[in-house]
4 protein chains.
Amino acid sequence: MTAAAPAPRGRAASRGRIDKRQAILDAAFTVFANRGYAGACMEEIAEVAGVAKHTVYNHLGDKESLFHAAMEAAGSAVMAENLALAEQLTVDQSAVASTAGGQADPVRTRLEDVGRLLLHQCCDPRSWALRRLLHAEITRFPDLLEAVWGRGADRLRQTLADRMARLSLAGLLRPCDPVEAAEQFLALLTGPMEARSQLGTRPVPDAERELVAHAAVSTFLRAYRDAAPGASPSPSSLPATA
Amino acid sequence: MTAAAPAPRGRAASRGRIDKRQAILDAAFTVFANRGYAGACMEEIAEVAGVAKHTVYNHLGDKESLFHAAMEAAGSAVMAENLALAEQLTVDQSAVASTAGGQADPVRTRLEDVGRLLLHQCCDPRSWALRRLLHAEITRFPDLLEAVWGRGADRLRQTLADRMARLSLAGLLRPCDPVEAAEQFLALLTGPMEARSQLGTRPVPDAERELVAHAAVSTFLRAYRDAAPGASPSPSSLPATA
Amino acid sequence: MTAAAPAPRGRAASRGRIDKRQAILDAAFTVFANRGYAGACMEEIAEVAGVAKHTVYNHLGDKESLFHAAMEAAGSAVMAENLALAEQLTVDQSAVASTAGGQADPVRTRLEDVGRLLLHQCCDPRSWALRRLLHAEITRFPDLLEAVWGRGADRLRQTLADRMARLSLAGLLRPCDPVEAAEQFLALLTGPMEARSQLGTRPVPDAERELVAHAAVSTFLRAYRDAAPGASPSPSSLPATA
Amino acid sequence: MTAAAPAPRGRAASRGRIDKRQAILDAAFTVFANRGYAGACMEEIAEVAGVAKHTVYNHLGDKESLFHAAMEAAGSAVMAENLALAEQLTVDQSAVASTAGGQADPVRTRLEDVGRLLLHQCCDPRSWALRRLLHAEITRFPDLLEAVWGRGADRLRQTLADRMARLSLAGLLRPCDPVEAAEQFLALLTGPMEARSQLGTRPVPDAERELVAHAAVSTFLRAYRDAAPGASPSPSSLPATA
DNA sequence: TATGAATGAGGGTTCATTCAT
DNA sequence: TATGAATGAACCCTCATTCAT
């Protein structure tokens with residue numbers, strides 16, 4: 001204090017800055033999630049972050065900028081986890097061969113694993129909070145969609161579609177529009193959770209989540225692998241989002 | 001009406017009250033939808049409703065009560081429409097018989113009709129606004145769920161499940177858990193719309209909506225009717241929500 | 001209702017009016033006492049009185065008029081009781097004669113009786129409420145003093161002074177300024193109650209009130225009857241209030 | 001002040017805060033005294049204090065807290081002055097001795113001095129405003145009594161009682177209950193002022209106040225010193241408040 | 001006369017933002 | 001850069017009063 005080592009500079013200083021910035025972003029997301037955008041107040045955010053009110057302004061500008069930054073940060077984190085999961089949807093060819101004719105069903109197993117994990121992510125409180133905030137503020141901040149989910153409306157669906165295409169090519173799924181398959185796979189997984197978790201308000205037990213994942217995969221496989229070949233040809237091979 | 005009485009009295013007076021109350025509720029829902037709960041201000045609601053600020057308080061109490069009432073009113077309207085639709089999911093036995101062996105597929109036709117209409121309802125701006133507000137405020141007003149969707153978690157799913165059960169019983173669908181079938185039918189229908197309409201922000205063209213409905217029904221029928229009988233038996237025949 | 005005896009008129013009707021007016025005045029005083037002038041609201045007064053809000057306006061005009069009327073009514077009632085008591089302060093000459101030389105002390109007895117009763121009145125909740133409201137609003141409504149205590153600042157003191165003069169003339173008290181005597185008698189009685197009842201907030205037990213009355217009379221008699229004649233002559237024979 | 005430093009720092013800064021806080025408290029008391037609690041508005045207080053409205057909230061919280069703080073501050077000031085005065089009620093023994101047999105009456109002189117000064121304090125506009133506010137709000141804020149008069153119901157009476165006890169012990173007053181003596185001394189002094197000053201509304205001329213003080217002391221001395229020893233023994237030698 | 005609906009004004013409180021240190 | 005004080009605008013709500021029946 002008195003003798004004053006001139007306060008750590010260089011790396012340490014900017015590390016301090018970075019940490020403080022991150023602390024503010026985390027605090028902001030928490031508070032926004034609890035109170036909503038309009039209901040949140042900068043003072044509480046500063047308090048939760050452990051800094052002075054004006055420091056928030058110094059680091060991240062006004063309330064709107066702060067909101068965008070916090071949402072973007074949270075979105076990146078959530079999306080990164082989801083993408084990492086989607087990329088795991090691969091089936092080892094050798095595994096398929098070795099179990100031919102047997103009871104094991106490596107495609108189903110893989111789909112269920114990935115489905116279970118995706119559902120786990122989607123039911124994460126932070127993930128729900130993000131989606132709720134998105135719903136809440138999308139009309140006032142339409143840019144939020146891109147900011148949160150990254151450029152390209154939905155990378156998750158595209159990534160999943162890539163995997164579906166490869167499964168289809170490998171003969172593990174019937175020929176199909178991979179984007180549609182990805183879209184419906186996600187719908188079968190996450191659709192039922194909205195009501196079951198009461199919009200993320202109710203913690204859903206693991207068992208229930210696994211039940212949903214299992215049912216989703218079963219229906220998906222019936223439709224995309226086991227269905228009688230000639231039945232109900234789907235003419236929709238157009239790009240999904242137009 | 002016809003005789004043109006010189007300003008209606010008695011009943012008409014209370015009719016005036018009712019009209020005013022309804023005008024306030026409508027205005028409130030509009031403003032809440034535009035600004036969010038915290039962002040909405042009573043003055044604007046009164047303005048839009050064409051009454052004085054205090055009149056809002058006289059009729060519907062404070063902001064929170066008004067919000068609940070407006071949400072409940074909107075929810076009842078939306079839910080009533082949805083239920084009416086779901087109840088249309090019936091297949092005339094004679095129609096099935098008369099087309100046996102032919103090309104027509106009455107079950108598919110009916111499902112697509114209902115699906116298209118449900119999707120139409122779900123993409124209605126008011127319906128989206130309601131869901132967005134629900135997402136936005138569910139953490140602060142957990143009672144909203146029941147208030148909006150009526151008592152019983154989700155009557156729509158149950159009503160749909162009733163119809164599924166009858167279809168299954170009639171041999172038009174394979175034996176299955178009707179609740180799960182309803183749940184997945186809804187998921188296949190509405191799930192894809194979230195991303196496609198950008199959380200209700202983007203108006204979805206009719207053609208695209210019909211494409212989604214068609215794809216949903218195709219996948220649903222493959223899984224719940226056409227699938228090879230022995231394939232992938234789903235052990236989950238329990239009621240879905242426990 | 002239907003056949004309509006044409007509603008009672010004449011005496012009965014105006015009786016109804018009077019009753020309603022009195023009910024409003026009573027309700028007003030109660031509410032003003034509970035909430036203060038500014039804190040009271042017309043609606044609550046109307047509610048307590050059991051009439052519609054506007055009826056209050058019809059009968060007693062706006063808030064300020066109502067306040068004055070309610071205070072005046074309460075003041076008249078309280079003052080009437082006090083005056084009736086003060087007038088009881090007489091000593092029967094024969095009683096004095098008959099007990100001469102004995103133990104009984106009719107003057108003391110009479111003073112204590114009157115004192116006890118005055119104190120009882122002063123500690124009445126309504127009396128305290130009146131005084132508190134007077135203190136509260138005197139700066140904003142200086143006319144209240146006269147309105148409440150009747151014309152002539154303090155008839156109580158004057159009435160008491162009359163009695164004191166007669167006692168003094170009868171030789172039952174030493175020669176003195178009767179107004180000063182009355183003033184000090186009242187001060188000795190009521191002064192101690194302010195602190196003891198916590199400004200009328202605490203109910204004072206009967207025993208404590210009697211103690212105060214007894215002490216007041218004792219001190220009063222020592223000073224105005226028993227004191228050594230030559231001691232401490234009081235030169236103040238001027239009119240008290242100037 | 002003299003050296004004219006270019007705007008004082010450090011201590012001066014917090015001094016500025018203190019000054020501002022005090023300015024707000026003073027302004028608040030003034031406005032509350034003028035308008036009453038409910039009638040006062042924060043805006044006027046801020047205006048009178050010369051600060052922005054929100055600054056009032058920063059320093060002293062909401063209206064109720066501000067009211068308590070302002071009342072407590074005013075109460076402390078008034079009570080401190082009163083106590084200082086009461087403590088002056090001592091009689092120098094030598095003075096008594098030296099004037100024995102003469103005309104001078106040091107006890108009376110001292111009592112009149114103290115009485116005159118106490119009366120002066122009690123008639124101070126601030127003192128009246130404080131008492132009026134206390135009367136006005138005691139039912140809604142019962143804690144105010146202790147907050148204003150400090151802990152211990154009434155330190156003034158106790159302090160005065162201490163002095164009375166010493167005078168009695170010194171033989172300058174007859175044996176008596178000192179608390180009762182103090183209570184009655186105060187009653188004789190202040191009781192008459194209520195009516196005479198019209199609850200503090202009318203400025204009482206010095207001469208009139210001195211008259212009251214003189215009369216009070218005369219009556220007090222007659223009762224507590226000059227009265228015939230055997231006359232009217234007061235049995236109440238218990239502590240007054242129990 | 002009595003009522004219930006309606007109004008416009010005003011007050012307490014909160015908040016995002018800026019200033020001075 | 002970080003802070004704490006200060007600000008002015010805005011919002012929810014209450015209230016005294018009037019209008020139409």
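Computed from a predicted structure; not experimentally measured. Here is the naming used below: chain letters follow the sequence lines, and residue numbers restart at 1 for every chain.
- Residue A/Met42 places its side chain closer to E/dA16 than to any other of F/dT3, F/dA6, E/dA16.
- In terms of phosphate contacts, B/Lys20 brings a side-chain nitrogen or oxygen within less than 4.0 Å of OP1 or OP2 of E/dA6.
- Separating the CG atom of B/Leu66 from the P atom of F/dC11 is a distance of 16 Å, rounded to the nearest angstrom.
- Rounded to an integer number of Å, the gap from C/His59 NE2 to F/dT17 C1' is 17 Å.
- Under the Watson-Crick and G-U wobble criteria, each requiring two contacts below 3.5 Å, nucleotide F/dT21 is paired to E/dA2.
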Apply side-chain contact (heavy atoms from CB on, under 4.5 Å) to the pair A/His135 and B/Arg131, showing each step before the final yes or no. CA-CA 8 Å; A/His135 276 90; B/Arg131 278 199 301 275; 5.6 Å; no

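- Nucleotide F/dT7 holds its C1' atom 14 Å from the CD atom of A/Glu43, rounded to whole Å.
- Rounded to whole Å, the distance from CD on B/Glu64 to C1' on F/dC11 is 16 Å.
- Rounded to a whole Å, the CD atom of C/Glu47 is 12 Å from the P atom of E/dG4.
- Counting to the nearest Å, the C1' atom of F/dA6 and the CG atom of D/Leu60 are 15 Å from each other.
- Side-chain atoms of D/Lys53 come within donor-acceptor range of the base of E/dT13, with a qualifying N/O pair under 3.5 Å.
- In this structure, C/Ala46 reaches neither bases nor backbone, as no heavy-atom distance under 4.0 Å exists between it and the strands shown.
- Between the side chains of D/Ser65 and D/Asp62, a donor-acceptor pair is found at a separation under 3.5 Å.
- Both tests do not hold together for D/Lys63 against D/Tyr57: distance to the six-membered ring centre under 6.0 Å, angle to the ring axis within 45°.
- Residue D/Lys63 has its side chain nearest to E/dT13 when only F/dA16, E/dA6, E/dT13 are considered.
- Of the side-chain N and O atoms in A/Thr55, one or more sit less than 4.0 angstrom from OP1 or OP2 of F/dT3.
- Comparing E/dG12, E/dT3, F/dC12 against the side chain of D/Cys41 picks out E/dG12 as the nearest.
- Across all strands, D/Ala38 comes closer than 4.0 Å to no nucleic acid atom at all (heavy-atom distances).
- To the nearest 0.5 angstrom, C/Lys20 atom NZ is 6.0 Å from C/Thr55 atom OG1.
- Rounded to whole Å, atom P of F/dA6 lies 12 Å from atom CZ of D/Arg21.
- With distances taken from any side-chain atom of D/Tyr57 to the nucleotides E/dT13, F/dC13, F/dA6, the minimum falls on E/dT13.
- Comparing C/Gly50 and D/Gly39 by the nucleotide of DNA chain E that holds the closest heavy atom to each, the one mapping nearer the 5' end is C/Gly50.
- When each of B/Asp62 and D/Val51 is assigned the nucleotide of DNA chain F with its nearest heavy atom, D/Val51 is the one assigned upstream, toward the 5' end.
- With rounding to whole Å, C/Ile45 atom CD1 is found 17 Å from F/dT14 atom P.
- Taking a 6.0 Å sphere around CZ of B/Arg35, one finds it holds 12 or fewer heavy atoms contributed by other residues, nucleotides or ligands.
- Using N1 to N3 plus N6-O4 or O6-N4 for Watson-Crick, or N1-O2 and O6-N3 for G-U wobble, each under 3.5 Å, F/dC15 pairs with E/dG8.
- Donor-acceptor pairing under 3.5 Å, judged by distance alone, is absent between the side chain of B/His54 and the base of F/dC13.
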